[in-house]
Amino acid sequence: MTYSGFRVFTQGLTGNKGWTKAWRQPDPKTEYDIVIIGGGGHGLSTAYYLAKNHGLKNIAVLEKGYLGGGNVGRNTTIVRANYFLQGNSEFYSHSLKLWEGLESELNYNVMHSQRGLINLFHSDGQRDAFARRGNAMLAQGDDAELLDREGVRKILPYLDYDQARFPIYGGLYHRRGGSARHDAVAWGFARGADRRGVDLIQNCEVTGIDVANGKVTGVQTTRGPIRAKKVAMVAAGRSSQVAAMAGMRLPIESHILQAFVTEGLKPVIDHVISFGMGHFYISQSDKGGLVFGGDLDFYASYAARGNLPMVEHVMEAGMTLMPMIGRAKVLRSWGGIMDMSPDGSPIIDKTHIDGLFVNCGWNYGGFKAVPASGWCLAHLMATGEPHPVAAKFRLDRFRTGRNIMDEEGTGSQHNLH
Amino acid sequence: MRIPCPCCGDRDRREYTYYGAADFLDRPAEDAGLEAWDNYLHLRDNPAGVTRDLWYHDPCQSWVEVERNTVTHEVLSTRFVSAKAGASA
Ligand SMILES: Cc1cc2nc3c(=O)[nH]c(=O)nc-3n(C[C@H](O)[C@H](O)[C@H](O)COP(=O)(O)OP(=O)(O)OC[C@H]3O[C@@H](n4cnc5c(N)ncnc54)[C@H](O)[C@@H]3O)c2cc1C
């Protein structure tokens, strides 16, 4: 069923009885050409583009829980293309362009809203670094504007500009940055993949990866064995466990990132604001809740909930930046398991096992990557060659030291990102 | 989360600085080769369950090796890194 404003109108007049299910609930077949492990944003978009861009059929996505139950449904939905380093910048630039056409591409309202993102800076040194980043964004063909303090004040009059610790010097304004509805992105890709014949199989946990003579032959699951010619591991925070089934150790540590949402308020925050020095960022959802978060809890963890010291730290940073939010009531907080790589950049690559692919290391930034990650992994799986915009996302870059992409410039080591 | 320091007893997590997996204790020889150094610096078991990692207890300035569960956050045991033979962290 194709969605349209007209259909919403006619369904509204006829009691909304004519809507059909957005995707099928097939039982797993005994064999597929391609099996994708993980039904998050990246797994679903990979399946979609395998079918759409490469005309492949006979694909299954195996999800241990329900579609979109992982990080894709837990994140704070910032979509931006403001990366500095080559390798990252062309990839996220490509991703943002895909976002800009995503709703008509998927015939699904993912509520992509380019409300503008402002990254604040608080010193002369930081201003230089942001000017340089902005130039890199412009060189990449994306947009960036350097705002001084008064420029920021015009747009965000409610910030505390003279706080003693981090007085605001200005901001880098990325107008095409913004947010989207997280679940809708998962659902849109799921529906699109299903319509092109992909089997989306939920409650199906992969428990083993079968390898014979250096070649992948299939997977073991809680719903029986499934043979496959190609298998992609797209399990985000659980990547290490899935790769271990193929005897691999990944350069990944799993950490918790928390997020928070307040009660619904009238529109007050029209942009996405990022206060890097305080480890705080915020936007307002279309329902009115203030959605905000901070940094990792900073120790390896698989508990999908956070620790209290970080809750306190995030609240303090929020109050420092915008005291006006102090009386809003926090409704909920939660955590997601992040697949942290040593340099903070992702991996889309083949493995040493023929036919087995890996997509992981998205850190706290994989939501914006959903369209391009699927696009590029599909390209790699279908053609055997890395897509040009993801060619630097190599699994062996830590071993070789070549093309390490450490955006923060802190060093390529687990405890530094 | 509270972590028992072998010197000071049960202390708040905020008194500690996290360093990473206890793999960091097994520093290879300088000429051990790429694979050994890659293993040491980058590759991790990253278990969902019992793990061992390194925490620095700021008040008493000691490195503590903590055995804990990454799913439940239960701390199973702790000891001084210096108590481990040959440790160099
Ligand atoms: C609090 C928070 C805020 C964030 N904010 C942002 C942001 O503002 N902007 C941004 O770009 N990114 C953000 N991120 C990061 C982003 O959400 C993730 O990088 C991205 O969603 C990860 O990819 P995914 O969607 O495929 O992961 P997931 O949705 O986690 O998908 C992985 C799936 O694999 C499944 N799986 C695991 N093991 C198995 C198995 N053995 N068998 C079958 N299935 C399995 C899981 O159940 C899961 O559904 C945030 C993350 C969090 C937690």
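Note on naming: letters A, B, ... go to the chains in the order of the sequence lines (proteins, then strands), and numbering restarts at 1 for each one. Keep in mind that the numbers below use all heavy atoms, side chains included, and drop hydrogens, waters and symmetry copies.
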Residues of residues 296-321 of chain A under 4.5 Å from chain B (heavy atom pairs)?
A/Asp297, A/Phe298, A/Tyr299, A/Ala300, A/Ser301, A/Tyr302, A/Ala303, A/Arg305, A/Asn307, A/Pro309, A/Glu312

Among the options B/Thr72, B/Leu34, B/Asp53, pick out the one with the most heavy-atom pairs lying under 4.5 Å from chain A.
B/Leu34

Hey, are the side chains of A/Pro342 and B/Leu41 touching, using non-hydrogen atoms and a 4.5 Å cut-off?
no

B/Glu35 bridged to A/Arg399 by N-O distance under 4.0 Å:
yes

Which bit of B/Asn69 is near chain A, if near means a heavy-atom gap under 4.5 Å: side chain, backbone, both or neither?
neither

Chain A contact via B/Thr51 - side chain, backbone, both or neither, heavy atoms under 4.5 Å:
neither

Can B/Arg79 and B/Glu65 be counted as an ion pair, charged N to O under 4.0 angstrom?
yes

Sidechain N-carboxylate O distance under 4.0 Å for A/Lys350, A/Asp396:
no

Determine, for A/Asp339 against A/Arg238, whether the closest basic-nitrogen to carboxylate-oxygen distance falls under 4.0 angstrom.
no

Top residue by heavy-atom pair count (under 4.5 Å) with chain A, among B/Asn46, B/Asp12, B/Val71, B/Asp45?
B/Asn46

Pick one of side chain, backbone, both or neither for B/Trp37, based on which atoms fall under 4.5 Å of a heavy atom in chain A.
neither

I need the residue from B/Gly20, B/Ala48, B/Gly49 with the largest number of non-hydrogen atom pairs under 4.5 Å to chain A.
B/Ala48

Answer with side chain, backbone, both or neither: which region of B/Arg13 has an atom nearer than 4.5 Å to a non-hydrogen atom of chain A?
side chain

Given a strict heavy-atom distance threshold of 4.5 Å, which part of B/Asp38 is in contact with chain A: side chain, backbone, both, or neither?
side chain

Side-chain heavy-atom pair B/Arg2, B/Pro4 within 4.5 angstrom cut-off:
no

Using a 4.5 Å cut-off on heavy atoms from C-beta on, say whether the side chain of A/Pro346 contacts that of A/Ser373.
no

Taking the six-membered ring for Trp and the full ring for Phe, Tyr or His, determine whether the centres of B/Tyr19 and B/Phe24 are under 6.0 Å apart.
yes

Apply the test salt bridge (charged side-chain N to carboxylate O under 4.0 Å, His left out) to residues A/Arg249 and B/Asp23: give CA-CA distance (whole Å), side-chain angles for both, the deciding distance (0.1 Å), then the verdict.
CA-CA 13 Å; A/Arg249 267 178 115 211; B/Asp23 299 47; 2.9 Å; yes

Please state whether the side chain, the backbone, both or neither of A/Ile252 comes within less than 4.5 Å of a heavy atom of chain B.
both

Strictly under 6.0 Å, is that where the ring centroids of A/Phe91 and A/Trp362 end up?
yes

Name the region of A/Glu253, side chain, backbone, both or neither, that has any atom closer than 4.5 Å to a heavy atom of chain B.
both

Residue pair A/Tyr83 / A/Met405, side-chain heavy-atom distance below 4.5 Å
no

